[in-house]
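Order of appearance sets the numbers: ligands from 1, and atoms from 1 within every ligand. By convention here, the first residue in the shown sequence is residue 1.
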Amino acid sequence: MNGADRCFTGDGMMAADDARRALIEAAVPLTEFERVHLTAALGRVLASDVTSPLDVPGHDNSAMDGYAVRAADTGEGGALLPVSQRIAAGHPGGPLAPGTAARIFTGAPMPEGADAVVMQEEVEVDGERIRIGRRVESGENVRPRANDVARGDVVLRAGERLRPQMIGLLASLGIPEVEVVRRLRVALLNTGDEIIEPGLPLAEGQIYNSNRYTLTAALQQLGCEVVDPGPVEDTLEATRAALREAAAQADLVVTSGGVSVGEEDHIRAAVEAEGELALWRVRMKPGKPLAFGRVGDTPFIGLPGNPVSVFVTLCLFGVPFIRIAEGRRVAFPEPMRARLAHAVEKPLKRREFIRVRLEHQADDLPRAVPFPRQGSDVLSSTVWADGILEIPEGMTYPEGTALNFWSFESLLQ
Ligand code: AMP
Ligand code: MG
């Protein structure tokens, strides 16, 4: 947190990139690991590099249904070769007698001596013999040993989050279990006396608690275990007690709401009493207030209350911290580029992260079309949009300017 102080400028606000960097630097990777079977490994973070114990495939094999031959035996075309054996996948044959062909099927091991496979569509069968109309080159339709992976190759690195294709690759190497990082336990607290749970009737002045559900789902998608003791009453004592209890049970405490300076905002005072707080005003829209610190020894991230701000600040600041704490190698995804569909004629005071949909264009970057209502309370904008476009402050931009875009998918994986 200390280094972050240097990032403030004259207006007392911190640049969004500096805030992210400070959070990433403060995150400490979990060092508790567990072994899981491949069937339970999806979305888990690898704790150590995986080295292949074998060559895959383990032998040269046929890429086609056809006939294995010595290419030299096919001459300049028109060769007539007797079929000396039949080799199916899982049933290796013997060495190939010179001047003969072996009937062979996809994936079956090449017989010793053969160096090419002729597709069955290309031969004429004549009783026990085949005629090959053309000259065949050595290596045709043969998948060489270790074509996919060689023994000793590092196939996956520590810090990778396991995707289905990675799990398949591990299985292809004969590896049944992997060592993964324990799930990060995140305690979630929602503040606000006006919020009420879906399913209950809404009284005058109440709104449904959406942040709890947005955050729970996002954290689950990130592979976290969510601890949720329920919403917190807007009093200092209740907030302090809830924070203490949350910190005792979790690796990270995340709150929504109550971080501004209103009389009903108790997060600030409660965290100061229970630990240490840095309240950052980040030069961005939506968002702005972002709290960070610790409750006891447990790291704490205080997100704003407005539903869009919650979602965007979680994506841009919470997730990078969480990824590092989960033991992942990459904290934040690389942006794509997309073209502004409108002009920004007056320089912005704060960096804007607008919800946009991408329109694909032939032979050009996609166009980023903004949702018409960009208010921080307009949650439907996050459903309509594909992701967020970053419009840096301090400059004007003609329509068509290429800027950074992140899909929600890339931010929340
Ligand atoms: P606050 O920072 O607590 O002043 O909250 C800012 C705005 O976000 C207010 O309009 C709150 O009603 C709204 N808000 C706070 N928490 C939630 C929540 N859990 N779900 C939906 N809206 C919320
Ligand atoms: Mg509030």
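- Listed by chain and number, T191, E194, I195, I207, Y208, N209, S210, N211, G257, G258, S260, D265, G305, N306, P307 each place a non-hydrogen atom less than 4.0 angstrom from ligand 1.
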Let me have the donor-acceptor pairs involving side chains of residues 305-317, under 3.5 Å, with sequence neighbours excluded, atom names and distances please.
residue: T313; atom: OG1; partner: S309; partner atom: O; Å: 2.6
residue: T313; atom: OG1; partner: V310; partner atom: O; Å: 3.3

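- Side-chain N/O atoms of S407 and D386 include no donor and acceptor closer than 3.5 Å.
- For E122, the salt bridge (charged side-chain N to carboxylate O under 4.0 Å, His left out) test picks out R134, with sequence neighbours left out.
- For the pair R103 and Y67, the cation-pi criterion (under 6.0 Å, within 45° of the ring axis) is fulfilled.
- The aromatic rings of W280 and F292 lie tilted to each other, with the angle between the two planes from 30° to 60°.
- Partners of F371 under the ring-ring contact (aromatic ring centres under 6.0 Å, His included) rule, at least two apart in sequence or in another chain, are W384.
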